Amino acid sequence: MGMKVLLTGATGFLGHNLLPVLSAKYETIGIGSKDFDLRSQHDCMKMLNNHKPDVVVHAAGTVGGIGANKENPGKFMYENLIMGANLIHLSSAMDISKFVLLGTVCAYPKNTIVPFNENDLWKGYPEETNAPYGIAKKTLMKLVETYHEQYGFRGVNLIPVNMYGPHDHFNLTSSHVIPALILKVYNAMKNGEQSITLWGTGQASREFLYAPDCADAIVKAIEKDVDPFPINIGTGKEIKICDLITEIVEQMGYEGEIKYDTSKPDGQPRRCLSTMRAEKVLDFKANTDFQDGLRYTIGWFLNKQKGV
């Protein structure tokens, strides 16, 4: 289509899944943290001047699970806020044709009616353990809207649900739910442990989107003329953590006991998105079956452990 797309966060989990999809359709520049420091407005300006993109897809972020969010509230809020604000402001000032912001489901109020509807985004305070991150991203979504209102900025606000897939970060302190559980089960099997213990009650539910499916939504957001009103990107299906771990241990062949540390937080009680707006405005519907996506992710992880 002759467009040049700049993707931030290209060396991260989501970026690794987005880059090949975007590169297949557009001239795409992948930017990682070693290329430019997006916390610096000077670096952001240099990046945009050097590459002169038509479209910016902002997928970079400082992210982690419940534990990482609790330990780094100031860092997570500041870094996400300043990176996004720099890029939105400069992209508007430099007349970038389109800006796609990847928000977060953490922006929703803690007790949002399920399924989460975009109209409810501002009807309460986010779940406490990841509120700083969620508030930062929600502020950026509003910044995209206000720049559209005042300057005609062509921004798109996508709210992806929790994602999983190949290239995810597998560690026990900063990983999201699925990679953390896969790693926990793998370590238990490797070390001959007869049980594993999970945070919380296991009764909280989450919705999970296979990361390559998110790439399809971003392509549609680039190509379609949509307003900056937030759009949920997900599957519209939820699963309890206790059922998720059952699926993981079955696929990995672990036969030990699953225990729960109820002194630790569950996080938000339920997460499941209404995907009607994405279907109507973007003609987007996630295609990957959850069991299949989980199988691909576990396979990728196990191959990495073997050095494949």
Side-chain angles (χ1 to χ4, degrees), residues 13-14 61-81 102-117 120-139 159-164 168-188 193 195-209 232 234-235 237-249 254 256-273 290 294 297:
F13 156 54
L14 181 57
T62 304
V63 298
I66 291 177
N69 273 277
K70 286 186 71 176
E71 292 171 6
N72 301 281
K75 175 183 173 70
F76 276 31
M77 186 164 187
Y78 172 77
E79 293 194 356
N80 286 291
L81 194 57
L102 276 296
T104 175
V105 68
C106 298
Y108 273 102
K110 179 177 182 177
N111 296 310
T112 306
I113 295 172
V114 178
F116 294 5
N117 185 287
D120 295 333
L121 191 61
W122 292 93
K123 293 182 178 178
Y125 194 77
E127 199 282 319
E128 292 82 2
T129 56
N130 51 39
Y133 173 66
I135 291 169
K137 286 289 193 174
K138 184 153 62 170
T139 303
I159 308 179
V161 76
N162 299 55
M163 282 183 277
Y164 71 102
D168 210 337
H169 304 293
F170 290 80
N171 62 71
L172 296 179
T173 55
S174 60
S175 289
H176 285 117
V177 178
I178 287 180
L181 293 181
I182 291 172
L183 180 59
K184 190 178 279 282
V185 172
Y186 173 80
N187 286 340
E193 297 168 7
S195 68
I196 59 174
T197 302
L198 308 186
W199 276 26
T201 64
Q203 296 304 303
S205 74
R206 294 291 180 266
E207 175 183 346
F208 296 101
L209 176 68
N232 289 335
T235 63
K237 300 173 183 177
E238 63 186 313
I239 182 172
K240 287 185 176 181
I241 299 301
C242 59
D243 296 326
L244 170 62
I245 189 62
T246 297
E247 182 65 35
I248 290 173
V249 299
Y254 178 64
E257 182 183 0
I258 309 300
K259 298 179 179 179
Y260 295 93
D261 181 355
T262 56
S263 70
K264 296 291 194 294
D266 273 329
Q268 197 157 20
R270 292 178 67 189
R271 277 188 190 162
C272 185
L273 301 181
F290 182 65
L294 200 55
T297 304

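Bear in mind the structure is a predicted one, so any value in this text is a computation, not a measurement. The figures here come from the full heavy-atom set of this structure, side chains too, leaving out hydrogens, waters and symmetry mates.
Between Tyr125 and Tyr108, the distance from one ring center to the other does not fall under 6.0 angstrom.
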Chi angles and distances behind the side-chain contact (heavy atoms from CB on, under 4.5 Å) call for Val177, Trp199 = CA-CA 10 Å; Val177 178; Trp199 276 26; over 6 Å; no
request  = Please report the C-alpha distance between Ile182 and Tyr164 in whole Å, then the side-chain angles of each, then the deciding distance to 0.1 Å, and finally whether the side-chain contact (heavy atoms from CB on, under 4.5 Å) criterion is met.
outcome  = CA-CA 11 Å; Ile182 291 172; Tyr164 71 102; over 6 Å; no
inquiry  = Could you go through Phe290 and Leu244, starting from their C-alpha distance and side-chain angles, then the distance that decides it, and tell me whether this counts as side-chain contact (heavy atoms from CB on, under 4.5 Å)?
reply    = CA-CA 10 Å; Phe290 182 65; Leu244 170 62; 3.6 Å; yes
request  = Take Phe116 and Ile159 through the test side-chain contact (heavy atoms from CB on, under 4.5 Å) and record every step on the way to the result.
outcome  = CA-CA 11 Å; Phe116 294 5; Ile159 308 179; over 6 Å; no
task = Evaluate ring-ring contact (aromatic ring centres under 6.0 Å, His included) for Phe170 paired with Phe13, printing each intermediate quantity in order.
result = CA-CA 10 Å; Phe170 290 80; Phe13 156 54; 8.6 Å; no
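Minimum interatomic distance between Ile248 and Ile178 (heavy atoms only, all atoms of both residues): CD1-O, 4.4 Å. Summarising the geometry of Gly103 relative to Pro160, their closest heavy-atom pair is O-CD, 3.4 Å, with the distance given to 0.1 Å. Residues Ala107 and Pro126 approach most closely at O-CG, 3.9 Å, considering heavy atoms. Here the closest heavy-atom approach between residue Lys110 and residue Pro269 is recorded as O-CD, 3.9 Å. Summarising the geometry of Val161 relative to Gly234, their closest heavy-atom pair is CG1-CA, 4.0 Å, with the distance given to 0.1 Å.
Between Leu198 and Leu181, the closest side-chain pair of non-hydrogen atoms falls below 4.5 Å. For the pair Val249 and Ile258, the minimum side-chain heavy-atom distance is below 4.5 Å. Ile245 is listed as a side-chain neighbour of Tyr260, based on a closest heavy-atom distance under 4.5 Å. Side-chain contact check for Trp122 versus Lys138: some heavy-atom pair is nearer than 4.5 Å.
Distance alone, capped at 3.5 Å, places no donor-acceptor pair between the Glu207 side chain and the Ile239 backbone. Side-chain atoms of Lys137 come within 3.5 Å of backbone atoms of Leu102 as a donor-acceptor pair (strictly under, hydrogens ignored). At least one donor-acceptor pair closer than 3.5 Å links the side chain of Asn80 to the backbone N or O of Thr62. Using modelled atom types, one side-chain atom of Thr139 and one backbone atom of Ile135 make a donor-acceptor pair closer than 3.5 Å.
The SG atom of Cys272 sits 13.5 Å away from the CD1 atom of Ile113 when rounded to the nearest 0.5 Å. In this structure, Asn187 CG and Ile196 CD1 are separated by 10.0 Å, a value rounded to the nearest 0.5 Å. Here the straight-line distance linking atom NZ of Lys75 with atom OH of Tyr133 works out to 13.5 Å at 0.5 Å rounding. Between the CG atom in Asp168 and the OG1 atom in Thr297 there is a gap of 7.5 Å [rounded to 0.5 Å]. Residue Cys106 holds its SG atom at 4.0 Å from CZ of Arg271, rounded to the nearest 0.5 Å. Between Thr112 atom OG1 and Asp120 atom CG the span is 6.0 Å, to the nearest 0.5 Å.
Checking Asp266 against Thr201 by side-chain atom types alone, a donor-acceptor pair falls below 3.5 Å.
Taking 4.0 Å as the cut-off between side-chain N and carboxylate O, Lys240 and Asp243 do not count as a salt-bridged pair. The existence of a salt bridge linking Arg206 and Glu238 is excluded, since no basic side-chain nitrogen approaches an acidic carboxylate oxygen closer than 4.0 Å.
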